[in-house]
Amino acid sequence: MTKGGMESVEVFTTEGKGRGLKAQKEFLPGDVIFAEPAYAAVVFDSLIHVICHTCFKRQERLHRCGQCKFAYYCDRTCQRAAWLNHKNECSAIKRHGKAPTENIRLAARILWKIEREGGGLSEGCLVSIDELQNHVDSFGEEEKKELRMDVESFLEFWPPHCQQFGMQFISHIFGVISCNGFTLSDQRGLQAVGVGIFPNLCQANHDCWPNCTVVFNNGKIELRALSKISPGDELTVSYVDFLNLSEERRKQLKKQYYFDCTCEHCKKQLKDDLMLAVKAGESKPSADTVKEVIQLSKDTLEKINKARMEGHYHEVVKLCRDCLTKQEPVLGDTNIYLLRILSIASEVLSYLQMFEEAADYAKRMVDGYLKIYHPNNAQLGMAVMRAGVTHWHAGLIEAGHGLICKAYAILLITHGPSHPITKDLEVMRVQTEMELRMFQQNEFMYYKMREAALKNQKIQVMPEPTNENAPSLFHKKE
């Protein structure tokens, strides 16, 4: 089954997992298997004034729709491009008196598209919206209550003159959004800004060690190969971050996506030993000591979250330092509780411009990540990039350039050369290469010139730390 640029993949049915996608030809790491525009997409409620409702780019100044006063666009081009999808929404918002929540808006956009085009296969889609999984039967009491509230709010918003849909079908659409929504990120890929439905991508099954990754690039979702894929191989993506124990990943997948993960890494608990590593050597810590330090780490992470929410970054640094002092004699270099504290410490210290200490923690974090993550993992690439920038800011040009080159090699595969973050990284790679040559020719002059440059131009401040991880590709309300 292929259609509209989807010739390289086909939908097939797998035992125990339902539908899946398989390759029709060979792919190499970094190849784009397909790029898919959203069937329907909306900006998050919290960001409606700062993100373009068409291209999802963050802009300083946006133009507001003169009719509903709700939608914002980069310019007239984006506004004209949005009109087909915004037209019904615009009049519904005016009639209703206010815009509903993002879930209601997305459901309405899907149903207006079905009203325009019918519920069958859309151009370029392998499956119809009707065929997508909704898992409504698996919802718990709280989820069923939320679903009823969403349906009621939707019926208040939905105009009486539009095509009327049955309660069961409206519930199906909300179930589809809950289970199949994909997060859209801003142009740099650093912040989640909206949610969309991508019917083809929904067919890709989960694997904790997948052969594909997904990136939002230039208004479309791209499915990219992470390793060599042969014709007939199933195409898989990861719904969750790998940096969790197999039991934790399985719990998360069951709770959010209603299936039991049977991938090789979960069945054989691969890498769990690394993620729970304790200090090797003659004086191996006792089981009680390890348990005590892990509990301390969990308690510290809760305190850190609270301090970060309140913007008390010096308190965060103190908590990290105290925790690391307790962790270092007990936990191994790849232990996830140690890595989580190192990650937070390096990020917050970079923001506070304490770059040398931040660089030390960032290096240890990256060394641990490299032993755990797939070598072409997007989150690994972003972490290596941050570590490279931190080293560069610390004046450690050799290590900084090496890390930036390593990050660039990963992001070329996961994001591709045209993605804005890869382009930014290429500029940094060229700049650090030039500085490294200068350093190798004359260290003394390099540091003198760097000192003079910093006096004339304040070093770029790192973005303020947030409690958010890198945007998760699969949008699921917690």
Side-chain angles (χ1 to χ4, degrees), residues 36-49 51-56 65 68 70-73 78 81-93 96 98-117 119 122 125 127-136 139 143 146-159 162-163 165 167-186 191-202 214 216 219-221 256-257 471-478:
E36 180 182 12
Y39 182 87
V42 294
V43 173
F44 287 149
D45 296 337
S46 56
L47 298 169
I48 52 169
H49 302 109
I51 301 294
C52 174
H53 290 217
T54 301
C55 68
F56 294 88
C65 172
C68 66
F70 167 75
Y72 286 80
Y73 305 102
C78 277
W83 186 239
L84 180 66
N85 291 312
H86 179 57
K87 185 179 176 183
N88 287 321
E89 177 184 75
C90 189
S91 57
I93 289 170
H96 190 56
K98 62 176 183 179
T101 62
E102 64 214 30
N103 260 21
I104 313 298
R105 289 187 285 117
L106 183 54
R109 283 191 166 216
I110 292 168
L111 289 166
W112 276 315
K113 187 157 184 170
I114 290 171
E115 185 181 59
R116 284 198 309 272
E117 299 178 0
S122 291
C125 285
V127 294
S128 69
I129 292 289
D130 300 12
E131 296 174 279
L132 294 180
Q133 279 280 6
N134 63 47
H135 289 296
V136 169
F139 280 15
E143 288 172 305
E146 277 184 28
L147 176 64
R148 285 194 295 272
M149 286 166 63
D150 275 346
V151 171
E152 283 172 23
S153 300
F154 172 83
L155 291 170
E156 286 173 21
F157 177 66
W158 189 251
C162 289
Q163 182 182 334
F165 295 92
M167 295 284 274
Q168 196 174 346
F169 190 67
I170 296 168
S171 297
H172 164 72
I173 296 298
F174 280 109
V176 164
I177 291 168
S178 175
C179 303
N180 295 288
F182 277 82
T183 302
L184 308 182
S185 52
D186 62 4
Q191 185 188 13
V193 297
V195 56
I197 294 293
F198 297 81
N200 296 332
L201 202 52
C202 290
V214 181
F216 187 62
K220 290 183 178 180
I221 284 269
Q256 295 189 0
Y257 304 102
S472 167
L473 283 162
F474 292 78
H475 176 72
K476 177 76 182 177
K477 286 199 168 176
E478 293 293 336

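For the numbers below, each heavy atom of this structure counts, side chains included, while hydrogens, waters and symmetry mates do not.
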Checklist entry - Are the aromatic rings of Y257 and H135 close, with centres under 6.0 Å apart? => result no

Checklist outcome for this item: Taken to the nearest 0.5 Å, the spacing of H53 NE2 from I48 CD1 works out to 6.0 Å

Checklist outcome for this item: To the nearest 0.5 Å, atom CG of L201 lies from atom CD of E36 at 6.0 Å

Checklist entry - With distance as the sole test, does E115 use its side chain to make a donor-acceptor pair with the main-chain N or O of Q163 at under 3.5 Å? => result yes

Next on the checklist: Show the nearest heavy-atom pair for residues F216 and S185, with the distance to one decimal.
Outcome noted: CD2-O, 3.2 Å

Item to check | Salt bridge present between E89 and R109 (N-O < 4.0 angstrom) | outcome: yes

Next on the checklist: To the closest 0.5 Å, what do you measure between CZ (R105) and CD1 (I177)?
Outcome noted: 11.0 Å

Next on the checklist: With a 3.5 Å distance limit and no angle check, can you tell me whether S153 reaches the backbone of M149 through a side-chain donor-acceptor pair?
Outcome noted: yes

Next on the checklist: Quick one, P199 and I129 - any side-chain contact, counting heavy atoms below 4.5 Å?
Outcome noted: yes

Next on the checklist: With a 4.5 Å cut-off on side-chain heavy atoms, are T183 and Q191 touching?
Outcome noted: no

Next on the checklist: Looking at every heavy atom in both W158 and A108, which two are closest together, and how far apart are they?
Outcome noted: CZ3-O, 3.7 Å

Checklist entry - With distance as the sole test, does D45 use its side chain to make a donor-acceptor pair with the main-chain N or O of E102 at under 3.5 Å? => result yes

Item to check | T54 versus A82, closest heavy-atom pair with distance | outcome: OG1-CB, 3.1 Å

Checklist entry - Of all residues at least two apart in sequence or in a different chain, which pass the side chain to side chain contact (heavy atoms under 4.5 Å, CB included) check with C202? => result L132, N180, F182

Item to check | Pairwise distance CZ(F165) to CD1(I114) - rounded to 0.5 angstrom | outcome: 5.5 Å

Checklist entry - Listed by chain and number, what are the ring-ring contact (aromatic ring centres under 6.0 Å, His included) partners of F157, not counting sequence neighbours? => result H96

Checklist entry - Is there a donor-acceptor pair closer than 3.5 Å between any side-chain N or O of E131 and the backbone N or O of S128? => result yes

Next on the checklist: Using 0.5 Å steps for rounding, measure from the NZ atom of K220 to the CG atom of L184.
Outcome noted: 14.0 Å

Checklist entry - Rounded to the nearest 0.5 Å, how far apart are CD1 of I173 and CG of L106? => result 9.0 Å

Checklist entry - So, for C52 and Y73, which heavy atoms are closest and what is the spacing to 0.1 Å? => result SG-CA, 3.8 Å

Next on the checklist: So which atom in W112 and which in P159 form the shortest heavy-atom distance, rounded to 0.1 Å?
Outcome noted: CZ2-CD, 3.9 Å

Next on the checklist: side-chain contact (heavy atoms from CB on, under 4.5 Å) for N103 and F154? Distances and angles first, verdict last.
Outcome noted: CA-CA 9 Å; N103 260 21; F154 172 83; over 6 Å; no

Next on the checklist: Could you go through M167 and V151, starting from their C-alpha distance and side-chain angles, then the distance that decides it, and tell me whether this counts as side-chain contact (heavy atoms from CB on, under 4.5 Å)?
Outcome noted: CA-CA 8 Å; M167 295 284 274; V151 171; 3.9 Å; yes

Item to check | Any V214 side-chain heavy atom under 4.5 Å of F198 side chain | outcome: no

Next on the checklist: Is there a side-chain contact (heavy atoms from CB on, under 4.5 Å) between H86 and C68? Walk through the geometry before answering.
Outcome noted: CA-CA 10 Å; H86 179 57; C68 66; 3.4 Å; yes

Checklist outcome for this item: Nearest heavy-atom approach of V195 to G181 is CG2-CA, 4.0 Å

Checklist entry - Please walk me through it: do I104 and E156 pass side-chain contact (heavy atoms from CB on, under 4.5 Å)? => result CA-CA 10 Å; I104 313 298; E156 286 173 21; over 6 Å; no

